[in-house]
Novice: 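Right, I'll just put the structure down here and ask away after.
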Amino acid sequence: MIDVMDEYHASKPPHVPAELVRAFDIYHIPGATEDVHAAYAAVQKSSPDIFWTPANGGHWVITNGEDILTILRDTVRFSSTSTILPPMPETDARQIPLEIDPPDHAHYRRPLMEALRPSRVNAMQDDIRHLAVQTIEQLKPAGGCEFIADFAKILPIHVFLKLVDLPLEDKDALLSMVEGAVRGHTVEERQKSQQLIKNYLAKAVRERRSMPGSDILSLIVNIDIGGQLISETEAIDYAMLFLSGGLDTVASMMGFIIKYLAESPVHRRILSERINDERFVMFALEELMRRHGIANISRVITTDMTLRGVELKAGDRILPANAFVGLDERLNPDPLNVNFDRPKPIMAVFGYGAHACPGAVLARRELRIFLQEWLSRIPDFQIRPDSKPLMATGMVNTVLRLELVWPANS
Ligand code: HEM
């Protein structure tokens with residue numbers, strides 16, 4: 001079997017100082033099987049603000065939260081044209097709008113921002129709540145569930161299929177394709193899953209281009225790019241990112257949050273007692289998300305420069321992992337502890353700057369509804385004593401499996 005680290009291992013370029021080389025592989029972080037974010041925090045504590053790793057094609061890693069925010073803001077020196085580690089072959093599809101730099105980026109992004117504006121999300125809120133309540137009520141009498149498959153993946157896939165007006169029966173097939181595309185361990189595995197998603201979406205894209213409806217897919221596949229209709233290829237690529245961007249991320253965040261609450265009776269009790277206090281729940285959610293950054297999206301350096309005294313060259317890849325912002329004790333004291341009294345959680349969970357997540361309003365709403373409806377029905381729960389949560393790191397940190405139990409008559 002080929003080890004991921006070996007297959008994509010790069011030689012140290014001459015400009016990288018030997019003392020800044022560290023073994024760091026986003027797909028295999030020591031300690032992540034116990035607590036992904038404690039593992040990230042340990043890397044951050046034991047590493048310089050910037051270091052270079054030969055893993056996944058060779059790239060810089062930034063651990064300083066302030067520097068990460070600066071990089072995310074600076075789309076001129078830090079391009080988004082290739083965001084995946086290890087890099088996908090150049091012939092592969094671009095992720096749209098993620099891998100397009102300003103100024104062209106705005107043409108692609110603006111209509112999506114419009115489609116996901118707060119009033120649109122408000123209009124979907126009752127449906128999301130209804131589905132959450134229905135799913136929880138079905139699970140509750142059993143006194144336990146496998147949270148990821150039985151709940152976390154259900155809400156976002158329903159929301160996506162509704163947004164794009166595609167049949168709900170396709171949900172299982174789509175979820176498994178997205179899993180392979182995001183978490184496949186080799187470039188080949190991810191490419192294969194991406195092709196399957198592409199084939200599935202291509203049909204819908206063609207239909208929406210010839211006869212647009214009022215759904216979001218119809219909108220993004222008919223975008224005007226500086227006076228020209230977006231090409232069919234780009235429209236399919238856009239639909240693909242919209243799908244993977246909204247599913248895996250929300251489910252992963254739910255998984256990390258419920259795991260934290262399952263392991264911390266104090267936080268569970270405080271949140272359950274104040275679950276009808278909308279403002280408190282909104283704040284508590286921000287703090288829970290700060291502790292649990294998930295997306296690892298890289299950048300390409302466009303010009304030779306120095307950062308913190310280190311020489312970087314055009315073409316180098318750099319990872320401003322957004323979990324490091326929330327976990328940086330210089331920005332958030334005692335970062336591994338969720339503190340509902342923290343004055344202002346500083347984080348980049350939804351990114352920062354030009355590419356900041358356009359789905360953030362929707363994601364926050366799904367997460368808030370989940371917390372409110374889950375905790376008001378199942379306030380007391382824990383990890384099944386004979387089980388161990390299964391987690392993974394990578395482009396999106398995630399919880400793959402999480403067995404929960406609660407008193408069946410609660
Ligand atoms: C908890 C859930 C979510 C998290 C943590 C998350 C995280 C992120 C992050 C960090 C970025 C910025 C990437 C970068 O700077 O390179 C991003 C971009 C994006 N997200 Fe999300 N996301 C979430 C939910 C969603 C949802 C629900 C949707 C769609 C409905 C969505 C669609 C997108 C799209 C299309 C982009 C690309 C934006 C651009 O390049 O301008 N995301 N997301």
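Each ligand, and each atom within it, is numbered from 1 in the order the structure gives. Note that these values count all heavy atoms, side chains included, but never hydrogens, waters or copies made by symmetry.
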Novice: Holding to side-chain contact (heavy atoms from CB on, under 4.5 Å), I want the full list of residues that pass it with D304, two or more places apart in sequence or in another chain.
Specialist: K313, A314

Novice: Of the protein's non-hydrogen atoms, which lies at the shortest distance from atom 26 (C) of ligand 1, and what is that distance?
Specialist: G246 CA, 3.4 Å

Novice: Heavy atoms only: which of A360, G353, C357, G351 is nearest to atom 21 (Fe) of ligand 1?
Specialist: C357

Novice: Taking 4.0 angstrom as the limit and counting only heavy atoms of P97, give me the atoms of ligand 1 inside it, by number and element.
Specialist: 38 (C), 39 (C), 40 (O), 41 (O)

Novice: Using heavy-atom distances only, which candidate in N322, V349, T249, N397 approaches atom 2 (C) of ligand 1 most closely?
Specialist: T249

Novice: Does ligand 1 have a heavy atom under 4.0 Å from the side chain of I294, from its backbone, from both, or from neither?
Specialist: side chain

Novice: Would you call the rings of H267 and Y260 parallel, tilted or perpendicular, taking 30° and 60° as the class edges?
Specialist: perpendicular

Novice: H355 to ligand 1: N or O pair under 3.5 Å?
Specialist: yes

Novice: Tell me the contacting part of I100 for ligand 1: side chain, backbone, both, or neither, using a 4.0 Å heavy-atom threshold, strictly below.
Specialist: neither

Novice: Mind checking what makes side-chain contact (heavy atoms from CB on, under 4.5 Å) contact with C357, not counting sequence neighbours?
Specialist: F350, A360

Novice: Heavy-atom contact under 4.0 Å between E99 and ligand 1?
Specialist: no

Novice: For atom 29 (C) of ligand 1, which of the options F256, Y352, F242 provides the nearest non-hydrogen atom?
Specialist: F242

Novice: Quick one: is the NZ or CZ of R299 closer than 6.0 Å to the six-membered ring centre of F78, and within 45° of its axis?
Specialist: no

Novice: So, are K45 and E329 salt-bridged, with charged N and O less than 4.0 Å apart?
Specialist: yes

Novice: So if I count the atoms of ligand 1 from 1 in the order they appear, which ones are less than 4.0 Å from some heavy atom of I297?
Specialist: 13 (C), 16 (O)

Novice: I'd like to know if R299 contacts ligand 1, where contact means a heavy-atom distance under 4.0 Å to any ligand atom.
Specialist: yes

Novice: With a 6.0 Å cut-off on the ring centroids, do F340 and F283 count as close?
Specialist: no

Novice: What residue and atom, counting heavy atoms only, is the protein's closest point to atom 6 (C) of ligand 1, and at what distance?
Specialist: F350 CD2, 3.8 Å

Novice: Of the choices G359, P358, G245, A363, which has the non-hydrogen atom that lies closest to atom 34 (C) of ligand 1?
Specialist: P358

Novice: Could you verify whether a donor N or O on one side chain and an acceptor N or O on the other, from N122 and S119, lie under 3.5 Å apart?
Specialist: no

Novice: Out of M347, H37, K344, which one pairs with R290 under the side-chain contact (heavy atoms from CB on, under 4.5 Å) rule?
Specialist: M347

Novice: Does a side-chain N-to-carboxylate-O contact under 4.0 Å join R368 and E286?
Specialist: no

Novice: For H105 and ligand 1, does the shortest N/O to N/O distance drop below 3.5 Å?
Specialist: yes

Novice: Please confirm whether L112 approaches ligand 1 to less than 4.0 Å, judged on its heavy atoms.
Specialist: yes

Novice: Look at E273 together with R269 and state whether they make a salt bridge at an N to O cut-off of under 4.0 Å.
Specialist: yes

